[in-house]
Amino acid sequence: MIQACIFDLDGVIVDTAVYHYKSWKKLAQELEFDFTEAQNEKLKGLSRMRSLQLILEWGGVDKTPLEQQELATRKNDWYVAMINRMTPQDILPGVEAFLQQARAAGLKTGLGSASKNAGLILEKTALLHLFDAIVDGNTVTASKPDPEVFLQCAKLLNISPAHCVVFEDAIAGIAAAKAAGMKVIGIGDSTILQGADEVIPGLDHMNLGKLKA
């Protein structure tokens, strides 16, 4: 029986992929190589530092750990400037309605995201009050597909992982949810998110009846 819903942030609650893409592309251009949208797709669910390491590999650029930290900080500064302009208009369709339905039915709601800016985004989109627990890149050390983020969230919610369902748009996130012993509903393309228990286009296609089924 489902007692808690845990949501990824990017691509599930809001779509900040375009801001990540613009920021990473700007960084790549400064380092004199290109960064494509297809490459950006491969970074879904990964931490900032892991994303940077992959981008540097793709660009054939070698940087020391200190230089990598400086580059990641620069990219994040650009990204934060963009998300600071977010409003409730940036919430994906069906998200707020489903969160309210779930809470009204007595389900716990949590956020499990690799983003270190999750709190800021939820604040800007006026969704913060709809979450009982938030676990993000500031509180976990391992990136998805490691299950740490979801296990921490379940612990904060005081709900057994077996009674949690995760909503995820990334392959790494689906693997993390499965490793945590949770049910997982993919958000996106069913041909890509094959490890999920169910795949829907977005939360506007989800309701409590479907969740119980």
Side-chain angles (χ1 to χ4, degrees), residues 6-92 95-96 110-131 133-146 148-150 152-153 156 168-173 176 187-188:
I6 301 176
F7 303 84
D8 179 38
L9 180 67
D10 294 343
V12 176
I13 302 295
V14 294
D15 189 2
T16 58
V18 64
Y19 306 134
H20 283 297
Y21 174 60
K22 287 179 178 178
S23 303
W24 285 127
K25 190 172 183 69
K26 185 175 180 180
L27 188 71
Q29 287 172 339
E30 284 197 359
L31 295 170
E32 299 184 336
F33 63 89
D34 195 27
F35 174 67
T36 67
E37 288 187 59
Q39 288 172 324
N40 191 59
E41 281 293 307
K42 294 177 182 177
L43 304 181
K44 275 188 174 180
L46 301 183
S47 69
R48 189 185 310 158
M49 290 310 297
R50 181 60 190 138
S51 296
L52 174 64
Q53 287 160 4
L54 281 175
I55 289 167
L56 292 177
E57 284 175 25
W58 293 332
V61 174
D62 191 34
K63 295 290 182 182
T64 66
L66 181 60
E67 287 171 331
Q68 286 182 30
Q69 194 61 57
E70 289 169 352
L71 290 172
T73 299
R74 195 185 317 166
K75 178 267 175 183
N76 191 57
D77 288 344
W78 296 328
Y79 174 71
V80 169
M82 291 180 201
I83 62 173
N84 258 306
R85 297 192 288 271
M86 292 181 78
T87 72
Q89 298 296 318
D90 291 297
I91 301 169
L92 288 171
V95 169
E96 195 166 5
L111 189 88
S113 169
S115 171
K116 290 190 174 183
N117 301 295
L120 173 62
I121 291 170
L122 292 181
E123 185 184 321
K124 290 292 178 183
T125 53
L127 289 175
L128 202 54
H129 67 291
L130 293 176
F131 289 90
I134 295 170
V135 179
D136 61 16
N138 297 300
T139 50
V140 294
T141 54
S143 296
K144 300 170 187 176
D146 190 284
E148 181 187 11
V149 65
F150 295 135
Q152 268 202 34
C153 198
L156 285 176
E168 257 288 353
D169 76 319
I171 294 168
I187 305 289

- Message: Could you tell me if the side chain of Lys42 sits less than 4.5 Å from the side chain of Leu54, heavy atoms only?
- Response: no
- Item | Side chains of Lys25 and Glu37 in contact at under 4.5 Å (non-hydrogen atoms) | no
- Note on the structure: Note: Gly119 and Leu128 closest approach over all heavy atoms is O-CD1, 4.3 Å
- Query: Asp90 and Thr16: side-chain contact (heavy atoms from CB on, under 4.5 Å), yes or no, with the steps?
  - Reply: CA-CA 9 Å; Asp90 291 297; Thr16 58; over 6 Å; no
- Task: Output the distance between atom SG (Cys153) and atom CG (Asp136), rounded to the nearest 0.5 Å.
- Result: 10.0 Å
- Query: Roughly how far apart are Leu46 CG and Lys44 NZ, rounded to 0.5 Å?
  - Reply: 11.5 Å
- Query: According to the salt bridge (Lys or Arg N to Asp or Glu O under 4.0 Å) rule, which pairs have a member within residues 9-20, sequence neighbours left out?
  - Reply: none
- Query: Does the side chain of Asp62 come within less than 4.5 Å of Leu56's, by heavy atoms?
  - Reply: no
- Item | Reported CD1-to-OH distance for the pair Ile83 and Tyr19, which is rounded to 0.5 angstrom | 9.0 Å
- Message: Donor-acceptor check, side chain of Glu148 to backbone of Thr141, threshold 3.5 angstrom: yes or no?
- Response: yes
- Task: Please tell me if the side chains of Leu9 and Leu122 come closer than 4.5 Å, counting only heavy atoms from C-beta onward.
- Result: yes
- Item | Separation between NZ of Lys26 and CD of Gln29, rounded to the nearest 0.5 Å | 9.5 Å
- Task: Check step by step if side-chain contact (heavy atoms from CB on, under 4.5 Å) holds for Val80 and Leu120.
- Result: CA-CA 9 Å; Val80 169; Leu120 173 62; 4.0 Å; yes
- Task: Calculate, to the nearest 0.5 Å, the distance between atoms CG and NE2 belonging to Asn40 and His20 respectively.
- Result: 8.0 Å
- Heavy-atom closest pair (Ile134 atom, Leu156 atom, distance to 0.1 Å) is O-CD1, 4.3 Å
- Under the side chain to side chain contact (heavy atoms under 4.5 Å, CB included) test, which residues partner Ser143, sequence neighbours left out? Ser47
- Query: Can you list every pair that meets ring pair (Phe, Tyr, Trp, His ring centres under 6.0 Å) and has a residue in residues 45-71, with sequence neighbours left out?
  - Reply: none
- Message: Measuring only between side-chain heavy atoms, which start at C-beta, is Tyr79 closer than 4.5 Å to Trp24?
- Response: no
- Residue pairs passing the side chain to side chain donor-acceptor pair (under 3.5 Å) test with at least one member in residues 115-131, sequence neighbours excluded, are Asn76-Asn117
- Can you list the steps and then say if Leu43 with Tyr21 is a side-chain contact (heavy atoms from CB on, under 4.5 Å)? CA-CA 10 Å; Leu43 304 181; Tyr21 174 60; over 6 Å; no
- Message: If we ignore hydrogens and angles and just use 3.5 Å, is the side chain of Asn84 paired with the main-chain N or O of Ala81 as donor and acceptor?
- Response: no
- Item | Min side-chain heavy-atom separation Ile55-Leu27 under 4.5 Å | no
- Message: For Phe131 versus Leu111, what's the shortest heavy-atom pair and its separation?
- Response: CD2-N, 3.8 Å
- Okay, side chain of Lys63, backbone of Gln68: is any donor-acceptor separation there less than 3.5 Å? no
- For Glu32, does the CD atom have more than 12 heavy-atom neighbours from other residues, nucleotides or ligands under 6.0 Å away? no
- Message: I need the Ile91 CD1 to Met86 CE distance, nearest 0.5 Å.
- Response: 8.5 Å
- Given the rule in the side-chain contact (heavy atoms from CB on, under 4.5 Å) test, do Lys22 and Trp78 qualify, once you have shown the distances and angles that lead to the verdict? CA-CA 9 Å; Lys22 287 179 178 178; Trp78 296 328; over 6 Å; no
- Task: Would you name the heavy atoms of Val12 and Val95 that are closest together and state the gap between them?
- Result: O-CG2, 3.4 Å
- Residues that Glu30 engages under salt bridge (charged side-chain N to carboxylate O under 4.0 Å, His left out), provided they are two or more places apart: Arg74
- Message: Please give me the minimum heavy-atom distance between Ala72 and Met49, naming the atom from each residue.
- Response: CB-SD, 3.5 Å
- Item | Polar side-chain atom of Glu168 near backbone of Asp8 as donor-acceptor pair, under 3.5 Å | no
- Note on the structure: Nearest heavy-atom contact between Ala28 and Phe35 is CB-CB, 3.7 Å
- Is there a donor-acceptor pair under 3.5 Å between the side chain of Gln152 and the backbone N or O of Thr139? yes
- Can you list the residues that meet the salt bridge (charged side-chain N to carboxylate O under 4.0 Å, His left out) rule with Asp77, with sequence neighbours excluded? none
